[in-house]
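This report concerns only the one structure given below.
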Amino acid sequence: MPMRLTGSMINNTTLMHINRNMRNLDGIIRTLETTKRVSRPSDDPLIASRALKFRAGVQEVRQFQRNVEFGQAWMNVTESAFINVMDNQLQEIRSLLVAGANGTYNVDNKATMINQIRQLVDHIGTAEMNQTFAGRFVFAGFRTDEQPVFTAANDRRFIITQHFGFNEVDRTASFQRLGDPASTPPGADADTFPPTAHNVRVIRLAYRNIDSRDADGNLIVDPNDPDFLANKRIEVPGFHVITRSINDPQAYLPAHTIGDLDPADPQRIAAVTAGVALTTPILHFVTETGELAMHDTTAAAFPREGISVTFEKTGFERGELNPSVYFTSREILSDIPEPAMVEVDRVYQVTQYLSRQAASGTATLNGAPAYSFELQIFGGGVVSPAFTDVNAPAALRPTLPPGAVLTPGSPAVVTIPASVFDRGTQISISYSVEIPYMGDTATRTAMHNLKTDTRVAGVTLIRASVPGVTPLTPIPLDQAESNRSFDMHDQIITIEAAAHNHVGINSLAKNAFTAEMFSDLRRFIEFVDGVVITEESELRRRLTENPPYYTEPMLTTIVDRQLIDERAVAQDALYTHFNNMLLLIDRHSDRFTREHTQLGARAQRLDMLFNRLEADEVTLERLTSDNEDTDMARAIMLRMNAETAFQASLRANAGIMQLNLSNFIN
């Protein structure tokens with residue numbers, strides 16, 4: 001039996017077909033208008049999912065491109081500084097040195113050359129090494145707010161550690177104008193007092209005016225103060241440092257060891273009294289020049305691993321290196337009280353390295369070879385602190401290596417079997433030290449400076465207390481420590497140029513305009529500046545101001561001989577220094593070239609990465625387009641088909657409506 005179709009059913013079916021064709025046409029028109037295959041994820045979840053991934057990939061590549069462009073800009077600024085230094089300043093300095101070594105500049109006309117070199121060195125430091133990019137110093141490592149070379153005088157205070165390798169011990173010539181006939185060297189004419197020169201072995205600190213402080217920690221600034229030389233803050237582990245003035249005839253004539261000094265020498269007596277072994281080698285610190293002079297035998301036995309020199313300096317001049325950028329250092333802050341002034345009881349945990357070189361002498365332990373060590377926890381002073389073992393507070397003993405013993409009656413001395421060192425070049429011992437608030441000021445200050453000793457592996461403030469507060473109540477560390485530490489290790493700024501692909505973009509001032517280069521150039525300038533010939537009138541005055549008086553012919557003869565001797569010594573010293581500096585500037589230029597080459601290699605790597613990123617961007621954009629964009633030719637064809645279907649449905653439905661209307665009228 002046939003099914004009866006009502007008018008309502010026909011109408012609904014007709015409208016459904018019209019709406020479906022209309023929606024189909026609307027979707028095709030939307031793809032043409034938006035040029036996208038989908039407008040919402042529900043249109044095609046697979047395409048939407050791929051679109052998210054491709055778009056994220058494009059944005060990631062573009063971010064990497066921005067990173068690389070930033071790195072390239074940073075490197076361009078750095079390279080510009082390198083090129084300026086190598087092609088201009090260093091070449092000009094070298095030309096001047098060649099002229100001086102060839103005799104073009106002598107003691108009479110050297111002033112012009114030295115002024116030129118001084119200006120070139122100042123420009124290298126304050127202009128090229130202080131180069132900035134977007135307000136950040138490009139050669140300063142992570143501390144981009146710190147200029148590598150000071151451009152103005154300041155009164156900052158640092159405790160600085162410089163390391164010197166055996167290849168940094170230079171053989172050069174000294175030059176001293178003692179200015180006193182009584183100081184005439186042996187064998188010279190007693191009536192004259194020409195300059196003295198010695199072939200010496202020296203290493204040069206980056207600074208001259210290091211601190212001299214009295215027992216209360218006050219800065220001594222008067223060079224005529226009897227304590228000025230005796231209290232210079234300089235330490236060299238494994239050596240005994242004697243501070244000398246350049247006016248001292250013995251300044252550049254150090255003995256090899258303390259045992260080589262005369263038994264009546266005050267320096268030997270003071271060293272022995274302090275417990276320093278007679279076999280300890282000697283260094284002379286010439287305070288006016290910042291040089292450490294050593295005996296030839298000391299230089300020949302200079303440790304292959306080098307030495308570390310720790311000193312304190314307050315106040316810096318324009319053109320001097322910034323310790324926070326160049327060295328391992330601690331800045332003593334003026335806005336926070338020093339630990340010696342903080343009213344707290346403190347307990348420190350100390351871990352200290354010991355090596356055979358640090359031994360004060362040999363000993364035996366149960367008949368076997370051993371080494372005896374003084375626990376130099378106060379920067380070299382031999383004291384007996386109140387040891388408090390971390391694990392057993394009542395024992396008052398450090399934690400020692402197996403078999404090690406403490407010398408009875410002297411808790412600051414420990415004997416360690418030689419066999420312990422067979423397992424390595426260094427061992428460490430740990431102990432804690434309690435410094436009471438009412439304790440000796442010098443002891444508390446020395447404990448504060450403990451970290452300056454390179455043989456100390458680590459110092460940690462375990463606890464501290466404030467008077468009037470519950471004992472051993474922890475307090476913020478900055479109330480007990482008034483400094484901030486700087487370390488230039490691993491100061492490489494990197495950018496991510498691709499996924500898990502990092503490239504260093506910066507170069508460090510300490511590796512280009514090195515402390516050694518700065519010290520060598522500074523000392524060369526000061527040396528040449530100081531080589532002068534006495535005026536004839538001044539020489540006559542000095543020779544005649546005290547008896548015996550000379551007749552005019554005798555005086556003329558003596559003055560002429562003096563001037564000839566002075567000129568000979570000066571010219572010889574200048575010739576030696578010009579030639580030495582010529583060799584040194586070539587070595588320093590090689591370092592600049594090496595740093596520039598490394599920068600160029602990294603810049604080339606960035607260029608290659610950028611080219612690859614551009615190719616990746618094109619690929620990802622094509623994939624994104626293929627995934628999302630409308631195929632316009634196909635869409636137009638589909639639109640025409642959809643319009644035809646829509647129009648056909650309208651015409652067909654129009655006929656049905658006419659039939660239904662006719663039936664309704666009848």
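Hydrogens, waters and symmetry mates are skipped; everything else that's a heavy atom, side chains included, is used.
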[atom1]-[atom2] distance between [X] and [Y], expressed to the nearest 0.5 angstrom:
X: R523; Y: R204; atom1: CZ; atom2: CZ; value: 7.5 Å
X: D260; Y: L278; atom1: CG; atom2: CG; value: 9.5 Å
X: R201; Y: L292; atom1: CZ; atom2: CG; value: 15.0 Å
X: L283; Y: H240; atom1: CG; atom2: NE2; value: 10.0 Å
X: H588; Y: L583; atom1: NE2; atom2: CG; value: 10.5 Å
X: D262; Y: I269; atom1: CG; atom2: CD1; value: 8.5 Å

What residues, two or more places apart in sequence or in another chain, satisfy salt bridge (charged side-chain N to carboxylate O under 4.0 Å, His left out) together with [X]?
X: R156; answer: E146, E331
X: E526; answer: R208, R522
X: D122; answer: R318
X: E128; answer: none

If we only count heavy atoms from C-beta on, is the [X] to [Y] side-chain gap below 4.5 Å?
X: L90; Y: I124; result: yes
X: F239; Y: P303; result: yes
X: T287; Y: L229; result: yes
X: F175; Y: T196; result: no
X: K313; Y: F158; result: no
X: H577; Y: D572; result: no
X: I203; Y: D170; result: no
X: T310; Y: I234; result: no

Got a donor-acceptor contact below 3.5 angstrom from the [X] side chain to the [Y] backbone?
X: K510; Y: A512; answer: no
X: E288; Y: I246; answer: yes
X: Q162; Y: L205; answer: no
X: H284; Y: A251; answer: yes
X: D227; Y: N231; answer: no
X: N322; Y: Q147; answer: yes
X: H295; Y: T297; answer: yes
X: S212; Y: F228; answer: yes
X: H163; Y: I307; answer: yes
X: E320; Y: V149; answer: no

Checklist entry - side chain to side chain contact (heavy atoms under 4.5 Å, CB included) between L521 and M581: does it pass, once the steps are laid out? => result CA-CA 8 Å; L521 288 169; M581 194 63 228; 3.5 Å; yes
Taking all non-hydrogen atoms of both residues into account, name the closest pair between [X] and [Y] and its distance.
X: D248; Y: Q176; result: O-NE2, 2.9 Å
X: P323; Y: I160; result: CG-CD1, 3.7 Å
X: S308; Y: T161; result: CB-CG2, 4.0 Å
X: A515; Y: A206; result: CB-CB, 4.5 Å
X: A173; Y: F527; result: O-CE1, 3.7 Å
X: A140; Y: V325; result: CA-CG1, 3.9 Å

Checklist entry - So I282 and T298, side chain to side chain contact (heavy atoms under 4.5 Å, CB included) or not? Walk me through it. => result CA-CA 8 Å; I282 291 174; T298 306; over 6 Å; no
Could you tell me if the ring centre of [X] sits under 6.0 Å from that of [Y]?
X: Y207; Y: F316; result: yes
X: F139; Y: F513; result: no
X: F578; Y: F524; result: yes
X: Y252; Y: H198; result: no
X: F302; Y: F166; result: no

Next on the checklist: As a quick check of understanding, evaluate salt bridge (charged side-chain N to carboxylate O under 4.0 Å, His left out) for R591 and E516, giving each step before the final call.
Outcome noted: CA-CA 11 Å; R591 290 185 179 178; E516 294 80 14; 3.3 Å; yes
Checklist entry - With no hydrogens and no angle check, do the side chains of T151 and T126 hold a donor and an acceptor under 3.5 Å apart? => result no
Checklist entry - Do N115 and T112 meet the criterion of a side-chain donor-acceptor pair at a distance under 3.5 Å? => result no
Checklist entry - What residues, two or more places apart in sequence or in another chain, satisfy side chain to side chain donor-acceptor pair (under 3.5 Å) together with D529? => result R118
Checklist entry - Got a sec, which pairs hit side-chain hydrogen bond (donor to acceptor under 3.5 Å, both in side chains) with one end in residues 264-277, sequence neighbours left out? => result none
Next on the checklist: What verdict does the side chain to side chain contact (heavy atoms under 4.5 Å, CB included) test give for L96 and Q116, after you've listed the backbone C-alpha separation in whole Å, the side-chain angles of each residue and the deciding distance to 0.1 Å?
Outcome noted: CA-CA 9 Å; L96 292 168; Q116 286 180 273; 3.7 Å; yes
Next on the checklist: Using side chain to side chain contact (heavy atoms under 4.5 Å, CB included), reason through V202 and R171 one step at a time and then give a plain yes or no.
Outcome noted: CA-CA 7 Å; V202 298; R171 179 183 290 278; over 6 Å; no
Item to check | Neighbour count above 12 (heavy atom, 6.0 Å) for D155 CG | outcome: no
Checklist entry - Are T279 and T257 close enough, and set up right, to give a side chain to side chain donor-acceptor pair (under 3.5 Å), and what steps lead you there? => result CA-CA 6 Å; T279 56; T257 65; over 6 Å; no
